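Here is the naming used below: chain letters follow the sequence lines, and residue numbers restart at 1 for every chain. Keep in mind it's a predicted model, so treat the numbers as computed, not measured.
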Number of protein chains: 2
Amino acid sequence: MQASLAVSSFQPAEAPWLDTILKGDCVAALDRLPERSVDAIFADPPYNLQLNGDLHRPDQSKVDAVDDDWDRFESFAAYDAFTRAWLLAARRVLKPNGTIWVIGSYHNIFRVGAAMQDLGYWILNDIVWRKTNPMPNFRGRRFQNAHETMIWASRDAAAKGYTFNYDALKAANDDVQMRSDWLFPICTGAERLKDDSGNKLHPTQKPEALLARVMMASTKPGDVVLDPFFGSGTTGAVAKRLGRHFVGIEREQAYIDAARERIDAVVPLPSVDLSLLTGKRAEPRVAFVSLIDAGIVRPGMFLYDARKRWVAKVRADGTIAAGDRVGSIHRVGAQVQELDACNGWTFWHYERNGGLTAIDELRRIARLGMERAGA
Amino acid sequence: MQASLAVSSFQPAEAPWLDTILKGDCVAALDRLPERSVDAIFADPPYNLQLNGDLHRPDQSKVDAVDDDWDRFESFAAYDAFTRAWLLAARRVLKPNGTIWVIGSYHNIFRVGAAMQDLGYWILNDIVWRKTNPMPNFRGRRFQNAHETMIWASRDAAAKGYTFNYDALKAANDDVQMRSDWLFPICTGAERLKDDSGNKLHPTQKPEALLARVMMASTKPGDVVLDPFFGSGTTGAVAKRLGRHFVGIEREQAYIDAARERIDAVVPLPSVDLSLLTGKRAEPRVAFVSLIDAGIVRPGMFLYDARKRWVAKVRADGTIAAGDRVGSIHRVGAQVQELDACNGWTFWHYERNGGLTAIDELRRIARLGMERAGA
DNA sequence: GGCTTGGATGAATCGTTAC
DNA sequence: GGTAACGATTCATCCAAGC
């Protein structure tokens, strides 16, 4: 495995909107952006909470619920229309291999997910954000609502080239693949922005750790991340810290001002700490015959599977022969096992020091030689 | 608080369909049941997986996917029509204060949830079933899909008298509220029904523990639980064991026969002991990246072995770098020592108070913050 | 009998490149 | 654009077989 610093080909000079917050209605602002211009979208739309009356804790203190105007919709139909409009406008702006994240709760996420499918987005995962410290259910009439749901989707089903930093995530997760359920605390303490009165500035500020996992998983350094419901600017702050560009859209000037100040204070991490661990997929391809060309493998050399059930002989043209089966290391490996496919690099071994070593080791040596030669 | 054994006023003599499996189409069978006659519904409808081609494990074995006819739909519109039809028929049968559970995955749950809201059901919670042993993502192209989602809803927003055994659940959960994320293994081993050939009888059999928590939470002894997609009869088996009545609907005779035999073998519990239903939780596994998420470790921080022979630097993606070796704390620890394996938690140290402390200490601190969340 | 090892398997929307 | 070749990829658990 190796670390590489892949940077998109984006040219900042061409885009004055980069790393800025656009003021205005979400759809109108999206329509002003060029099509296919952003690598990823993170959206935290209004939840359509439908709270009736006030909610009180057992001690009769009032819960500061989300009751802002922007979270009120006349009906499910109105919410659906709003949802489809911004999802459609966002899809135009997304690059063909870009992906979108949308976070929500049971109040709205089902409508959002259905709308995304209807518009052609292809769901890759639904991710559960499990909260370490969720608000209790004060009335004891339901389960404690201890999670929120994020939908991760590509632009369409055919888009296979989306970014997913599988190897880095796996290495960071004690060498097992990252699951669809994530555990994070809610945003509190010093991270939570306050207004002049000391009250929370924004009702639904998300934790930076959540956004960091999202961006580390699905973007590369230098990518552009769009947030059409920018709010307190968590997406921008994390993007800047992680060496990504951002574009925010927000209607309220108070949020824009606070987010701008917040982001300006962020110090980006040095790029050396940001490079992504990449796996075999990112390594240059090596043809088996080039090992012969390099003198690492000689015609006539014998190859065995790990248990020496089969043997094959290397031929001068880069094919191998096992009995009357002749072909590539992959094809012959598949044939002797009577399988459809086989990775010959890991299947075939050679004798070394009285034991067997996979020829993948020879490929590694060949790659080292190619690097020195500046190939 | 008082303990009470509330039993519904249902009279078995009036209902020959009680504790039986009705054969036939789901909607047609529902239409034959009297309105407002069941206390709870558990539904495990087709997920509409939309699979293309085969999937193989890295060892080239073929994944036995769900490719049954009943899971194939022409389009989202066809699936929506099917969903609305059975949800509507089920709503007629549900008592005014009854509740419904529907389980699904990201393939279908968003459409199901939106349809439920459109038909007037009132969502009380979405519950995440976290699987202890989910199938991996074999190609490394997405996050491991490690959960399924259940929607719990009342018949309408005005129904306030639904059953929720809050105190019993809380007592069973170490005296803290039961959360919306539940941890259970998938159904394997002796619990999994097999056909005559020893293969799994039903492709999607659910674990009894999941159904048991559902019924202990939202029904009372003597209640009637309807399952319109009965399959292998897990709902019936758990209902009988917990002193509830069941009604099943199933199309395939083979499933009906197996479920009947399974349920006949169930011995009802003499007294329902909730404490039997909650196992001791395993110690949470902490990923190194979660220390970064929690702010306990910062990118750029240096790690050393106990004798400071090697040094490594923490990267933003949760990997570490020692010279040109990059990977997990375990892998890099093994590589610098030229060993096959290494426990990075005890091998790597950080500077504290002029000395070195193992990062296992940081893991211990991180666990303290997670324990309450039942990771 | 007890322990170790190898094989099997679970609701899965699971490629990329060159010719 | 279609086809063929390359070659990357798995976690927890249960059970059977072997020692």
Notebook entry, point to check: B:Pro134 or A:Arg363: which one's nearest nucleotide on DNA chain D is closer to the 5' end?
Noted result: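 That would be A:Arg363.
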Check: Want to settle it: does A:Phe288 or A:Lys170 sit nearer the 5' end of DNA chain D, counting the closest nucleotide to each?
Finding: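 This one resolves to A:Phe288.
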Over-ring placement of [X] relative to [Y], 6.0 Å and 45° cut-offs:
X: A:Lys308; Y: A:Trp310; answer: no
X: B:Arg111; Y: B:Phe76; answer: yes
X: A:Arg91; Y: A:Tyr121; answer: yes
X: A:Arg130; Y: A:Trp182; answer: no
X: B:Arg363; Y: B:Phe288; answer: no

Next item on the list: Go through the side-chain N and O atoms of A:Gln177 and A:Asn173 and say whether any donor and acceptor fall under 3.5 Å apart.
Entry: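 The criterion, which ignores hydrogens and geometry beyond distance, is not satisfied for A:Asn173 and A:Gln177.
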Touch check for [X], heavy atoms < 4.0 angstrom, all strands: base, sugar-phosphate only, or nothing?
X: A:Cys342; value: base
X: B:Pro207; value: nothing
X: B:Thr188; value: sugar-phosphate
X: A:Ala157; value: nothing
X: A:Asp126; value: nothing
X: B:Arg141; value: sugar-phosphate
X: B:Pro185; value: nothing
X: A:Thr346; value: nothing
X: A:Ile123; value: base
X: B:Asn137; value: base
X: A:Arg331; value: nothing
X: A:Arg179; value: nothing

Could you measure between the two [atom1] atoms, the one in [N] and the one in [M], and give it in whole Å?
N: D:dG1; M: C:dT16; atom1: C1'; result: 16 Å
N: D:dA5; M: C:dA12; atom1: C1'; result: 25 Å
N: C:dA11; M: D:dA8; atom1: P; result: 30 Å
N: C:dT13; M: D:dG7; atom1: P; result: 27 Å

Can you tell which of [options] lies closest to the side chain of [X]?
X: A:Arg281; options: C:dG15, D:dA8, C:dA11; value: D:dA8
X: B:Lys206; options: C:dA11, C:dT16, D:dT9; value: C:dA11
X: A:His330; options: D:dG7, D:dA8, D:dC14; value: D:dG7
X: A:Trp345; options: C:dA12, C:dA11, D:dG7; value: D:dG7
X: A:Asp167; options: D:dT10, D:dT9, C:dG10; value: D:dT9

Notebook entry, point to check: Looking at the angle O4'-C1'-N9-C4 for a purine or O4'-C1'-N1-C2 for a pyrimidine, is D:dT10 syn or anti, with syn meaning within 90° of 0?
Noted result: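 Anti, which is what one calls it when the glycosidic angle falls more than 90° from 0.
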When you measure from the side-chain N and O atoms of [X] to the phosphate of [N], is any distance below 4.0 Å, counting only OP1 and OP2?
X: B:Asn145; N: C:dA12; result: no
X: B:Lys200; N: C:dG10; result: yes
X: B:Arg192; N: C:dA11; result: yes

Checklist line | Complementary nucleotide for D:dC11 - Watson-Crick or wobble, under 3.5 Å | finding: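 Pair assignment: D:dC11 / C:dG10.
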Checklist line | Nucleotide paired to C:dT4 in any strand shown, Watson-Crick or G-U, under 3.5 Å | finding: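 Pairing partner: D:dA17.
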Note to self: Within a 6.0 Å radius of atom CG on A:Asp317, are there more than 12 heavy atoms belonging to other residues, nucleotides or ligands?
What the structure shows: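 More than 12 heavy atoms, drawn from other residues, nucleotides or ligands, come within 6.0 Å of this atom.
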Margin query: Measuring only between side-chain heavy atoms, which start at C-beta, is A:Arg315 closer than 4.5 Å to A:Val326?
Written below: yes
Item checked: Test item: B:Val128 and A:Asp181 side chains (from C-beta on) under 4.5 Å apart, heavy atoms ->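 In short, these two side chains do not touch, never coming nearer than 4.5 Å.
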Would you mind reading off the distance between [X] atom [atom1] and [N] atom [atom2], rounded to a whole angstrom?
X: B:His202; N: C:dT9; atom1: NE2; atom2: P; answer: 18 Å
X: B:Gln144; N: C:dA11; atom1: CD; atom2: P; answer: 13 Å
X: B:Asn108; N: C:dA12; atom1: CG; atom2: P; answer: 13 Å
X: B:Arg130; N: D:dA12; atom1: CZ; atom2: P; answer: 13 Å
X: A:Asn343; N: D:dA5; atom1: CG; atom2: P; answer: 16 Å
X: B:Asn52; N: C:dA12; atom1: CG; atom2: P; answer: 15 Å
X: A:Met178; N: D:dT9; atom1: CE; atom2: P; answer: 17 Å
X: A:Arg285; N: C:dT17; atom1: CZ; atom2: C1'; answer: 5 Å

Check: Do the side chain of B:Arg142 and the base of C:dT13 come within less than 3.5 angstrom through a donor-acceptor pair of N or O atoms?
Finding: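 Pair found.
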Notebook entry, point to check: Can you check whether B:Asn48's main-chain N or O pairs, donor with acceptor, with B:Asp71's side chain at less than 3.5 Å?
Noted result: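 Such a contact is found between B:Asp71 side chain and B:Asn48 backbone.
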Check: Which of residues 53-80 of chain B sit near DNA chain C, with a heavy atom under 4.0 Å from it?
Finding: B:Gly53, B:Asp54, B:Leu55, B:Arg57, B:Val63, B:Asp64, B:Ala65, B:Val66, B:Trp70, B:Asp71
Item checked: Of B:Asn133 and A:Trp122, the one whose closest DNA chain C nucleotide lies more 5' ->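 Counting from the 5' end, the first nearest nucleotide belongs to B:Asn133.
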Checklist line | Nearest-nucleotide 5' precedence on DNA chain C, B:Tyr47 against A:Arg307 | finding: A:Arg307
Notebook entry, point to check: So A:Tyr162 and A:Trp152, would you call those rings parallel, tilted or perpendicular, with 30° and 60° as cut-offs?
Noted result: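 A:Tyr162 vs A:Trp152 ring planes: perpendicular.
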Next item on the list: May I ask whether B:Tyr106 stacks on the base of C:dT13, given the cut-offs of 5.5 Å between ring centres and 30° between planes?
Entry: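 Given the distance and angle limits, no, they do not stack.
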